[in-house]
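As the structure lists them, so they are numbered: ligands from 1, and atoms in each ligand from 1. In this chain, numbering begins with 1 at the start of the sequence shown.
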Amino acid sequence: MKRTLKQSPKELIRINRYISMCGVASRRKADDLVLEGKVEVNGKVLKDLGAKIDPRRDKVFVDGKQAARVHDYLYLVMNKPKDAITTLNDEKGRTTVMSLVKTKQRVYPIGRLDRNTTGVLLLTNDGEFAHHLMHPKFEIPKSYQVALETPLTPDHAAQLRKGVKLQDGKTAPAEVYIIPHGKGKDVGVTIHEGRNRQVRRMFESLGYEVKKLDRVAYGPVTKEGLSRGEVRSLTRPEIRTLKQMAGMPEEF
Ligand code: URA
């Protein structure tokens, strides 16, 4: 691949990353494809695993098919209403969050919210972005407002902060505070994990009944200004911050 002198190395991207960004294969599988001689760049079989390409100019073919980057990735936030479910299809015909998104491209929720949980739900068609955000290693903070049936005791708040034992292991330290004027029943919680029904299970493990659960923030993204069921695009700074938090270098 010939480069002009003007070209900055920043615009180049490693072949395995490019192939994974195109949604063709994971990075590891992409390395295998290179080793198997199935990757061609500008008509030549690529041999070097560490090769970098210019996504704007180089033509990459995998197994004879062109790998094209989806330039128009969508990054959305929804203020999820109650009773919408985050599974892709529901055989019982219940409302899915996808049916509330009116975009031409299909997008997928990043993680899950229970049917009865409301609030911030991110959706995207960028698989790598979703994968990074959900990876426990990056500990993206997620904040919830919890309405309890009975007031939270200071001792239980302290236990939740330290971590409580659940069936799938002890929870990591969480931030927990009682929201003023809520008679001790309204609680703010920030967790850095994303286990299934985690917040409900944390409170249930101490004998509390969760009446309402609302996710108010996912990393830097809040639902401010969005009514229930409404969707907006993430702003560039929000996407940049999320990528930084999730250990994704911004190559473009
Ligand atoms: N924790 C829960 O218990 N439910 C959710 O929907 C999200 C986090």
A.B. asks: Among Arg200, Lys80, Arg215, exactly one meets side-chain hydrogen bond (donor to acceptor under 3.5 Å, both in side chains) together with Thr117. Which residue is that?
C.D. replies: Arg200
A.B. asks: In the protein, what heavy atom is nearest to atom 4 (N) of ligand 1, and what distance, to one decimal place, separates them?
C.D. replies: Asp114 OD2, 2.7 Å
A.B. asks: Can you confirm if the aromatic rings of Phe129 and Tyr75 lie within a centre distance of less than 6.0 Å?
C.D. replies: yes
A.B. asks: Counting non-hydrogen protein atoms only, what is the nearest one to atom 8 (C) of ligand 1? Give residue, atom name and distance.
C.D. replies: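 In this structure, atom 8 (C) of ligand 1 has Tyr144 OH, 3.4 Å as its nearest protein heavy atom.
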A.B. asks: Check step by step if ring pair (Phe, Tyr, Trp, His ring centres under 6.0 Å) holds for Tyr208 and His156.
C.D. replies: CA-CA 10 Å; Tyr208 291 89; His156 284 150; 5.3 Å; yes
A.B. asks: Within a 6.0 Å radius of atom CD on Glu224, are there more than 12 heavy atoms belonging to other residues, nucleotides or ligands?
C.D. replies: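 Counting neighbours around CD of Glu224, 12 or fewer heavy atoms of other residues, nucleotides or ligands fall under 6.0 Å, so no.
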A.B. asks: Which atoms from ligand 1 have a heavy atom of Arg200 less than 4.0 Å away?
C.D. replies: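 Near Arg200, meaning under 4.0 Å from one of its heavy atoms, ligand 1 has 2 (C), 3 (O).
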A.B. asks: Looking only at non-hydrogen atoms, find the nearest pair between Phe203 and Val210 and report the distance.
C.D. replies: CB-CG2, 3.8 Å
A.B. asks: Tell me: protein heavy atom nearest atom 1 (N) of ligand 1, and distance?
C.D. replies: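 The closest heavy atom on the protein side is Val199 N, 3.1 Å.
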A.B. asks: What I want to know is whether Thr117 and ligand 1 share at least one N or O pair that is separated by under 3.5 angstrom.
C.D. replies: yes
A.B. asks: For ligand 1, which atoms have a heavy atom of Leu113 less than 4.0 angstrom away?
C.D. replies: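 Answer, ordered by atom number: 6 (O), 7 (C).
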A.B. asks: At under 4.0 Å between heavy atoms, which part of Leu213 makes contact with ligand 1: side chain, backbone, both or neither?
C.D. replies: side chain
